[in-house]
Each structure stands twice: as C-alpha cells, then as structure tokens.
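All values reported here derive from a predicted model rather than from experimental measurement.
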Amino acid sequence: MEELRARAAADGVALRVGVVIEHNDAVLMLEHEEHAEGRSPLHLPGTVVRPGESLAGAVVRAVREETGLSVVDIVRHLGSFDYLSGAGKPVRREHFAVEVGDAGPVRVTNYADYRWVPLSGELPVTPSIRRILMNYRQ
C-alpha cells in the first residue's frame, strides 16, 4: 500500500480511498441528497487520506465514519482512477475491497441514505465506479 502512496506523491496528486463492502451479493452504496445533473447520487464509502495517515488507516476510518461499520480485513486492492476535484486539483482514488465484522446496522453520517445494490444487473453508478466494481467481481 505504501507503494500506492509513493506513486501518488510522485505524480503530484492528492490521495483518496474508496471502499467496496459486500453483503448477500450486494454492495453498500451511499446516497447523496443533492448531486450534479447526469451523475449518479450513489457513491462508495471513501475519504481523503490525511497527511501522515496510511492507506489502511484511511480505509478503516472511512468505513467507520461514513457507515458505522468496523473493518476486520482489507481483502485486496481493486484499482484506481484519477480526476479533478471541484477546485480543479488532481486527485487519485484508490479502491479496496474490505470485510466488515457485521453488515449492520449501517449508520450514515454525511449522506442522505444508503442502499445495498445487487452486483448482478446494471449498476446505477459512474463509469469509473462501474469499472472498479467489475474488477471486484472478477
């Protein structure tokens, strides 16, 4: 994981993490009340990696703060994508599959609601997140 952090620093991009949590063949998605036109209101849990924080620490913190769930294992790295933040700054979002101790109750803090979205069928997410979820299914 430290190699991912070093690569982001070398590339001059801010680092964020995204997390895939599966339960009963569905993925936990968090729902924004307001969202940009043409974009999905559904997002994977995630956060900004704080200065000096490990990627593993950011993953555990993101899940706890955004869902109230506890990570027991970071299973694997699923890939990343780069984008520009709302302020026009380059960002890289690294994604990880995790196992949680218990899949509920989910307690969202920064979101309007959550959904368990089935992995089969059409996923109502952005193309970048769809690619991450396809990597997860493999």
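Residue P124 comes nearest to V117 through the heavy atom pair CD-CG1, 3.8 Å, listed as atom of the first residue, atom of the second, then distance. The nearest pair of heavy atoms linking V49 to S54 is CG1-O, 4.4 Å.
Distance check: L42 CG to I129 CD1 gives 10.5 Å after rounding to the nearest 0.5 Å. Note that the OH atom of Y136 and the CD atom of E22 stand 3.5 Å from one another [nearest 0.5 Å]. With rounding to the nearest 0.5 angstrom, the CZ atom of R76 is 13.0 Å from the CD atom of E99. To the nearest 0.5 angstrom, R131 atom CZ is 11.0 Å from L78 atom CG. Rounded to the nearest 0.5 angstrom, L44 CG and S128 OG are separated by 11.0 Å.
Under a hydrophobic-cluster definition in which Ile, Leu, Val, Met, Phe, Trp and Tyr are linked whenever side-chain heavy atoms come within less than 4.5 Å, directly or via other members, V63 and W116 are assigned to the same cluster. No path of Ile, Leu, Val, Met, Phe, Trp and Tyr side chains, each step under 4.5 Å between heavy atoms, connects V19 with L123, placing them in separate hydrophobic clusters. Follow the hydrophobic side-chain contacts under 4.5 Å out from V71 and you reach L69 in the same cluster. Transitive grouping of hydrophobic side chains (ILVMFWY, heavy atoms separated by less than 4.5 Å) keeps I21 and L133 in distinct clusters. When the side chains of ILVMFWY residues are joined at heavy-atom separations under 4.5 Å, either directly or via intervening members, V98 and V27 end up in two distinct hydrophobic clusters.
In this structure, V91 and D82 have side chains that are not in contact, with every pair of non-hydrogen atoms separated by 4.5 Å or more. Side-chain atoms of V106 and L28, non-hydrogen and from C-beta on, do get closer than 4.5 Å to each other. Inter-residue side-chain proximity for I74 and M1 is flagged as met; some heavy-atom pair is nearer than 4.5 Å. L30 has its side chain within reach of T67: a pair of non-hydrogen atoms, C-beta onward, lies under 4.5 Å apart. With a 4.5 Å cut-off on side-chain heavy atoms, M29 and V125 count as touching. Looking at E65 and P45, their side chains never come closer than 4.5 Å, going by heavy atoms from C-beta outward. Considering only heavy atoms from C-beta on, H95 stays 4.5 Å or farther from V17 through its side chain. Contact annotation: the side chain of F81 approaches that of R93 to within less than 4.5 Å [non-hydrogen atoms, C-beta and beyond].
Using a distance-only test at 3.5 Å, with no hydrogens or angles considered, no donor-acceptor pair links the side chain of S70 to the main chain of G101. Although no hydrogens or angles enter the test, the distance criterion places no donor-acceptor pair under 3.5 Å between the side chain of R92 and the main chain of G12. Here the side chain of E66 pairs no donor or acceptor atom with the backbone of V108 at under 3.5 angstrom.
The residues R16 and E94 are annotated as not salt-bridged, no charged nitrogen and carboxylate oxygen being separated by less than 4.0 angstrom.
Each of V20, I132, L4 was evaluated against F96; a single residue qualifies, L4, per the side-chain contact (heavy atoms from CB on, under 4.5 Å) test.
Within 6.0 Å of CG on D25 lie no more than 12 heavy atoms contributed by other residues, nucleotides or ligands.
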Open item on the list: One pair to check against side chain to side chain contact (heavy atoms under 4.5 Å, CB included): E31 and H43. What are the steps and the verdict?
Closed with: CA-CA 6 Å; E31 185 173 2; H43 301 272; over 6 Å; no
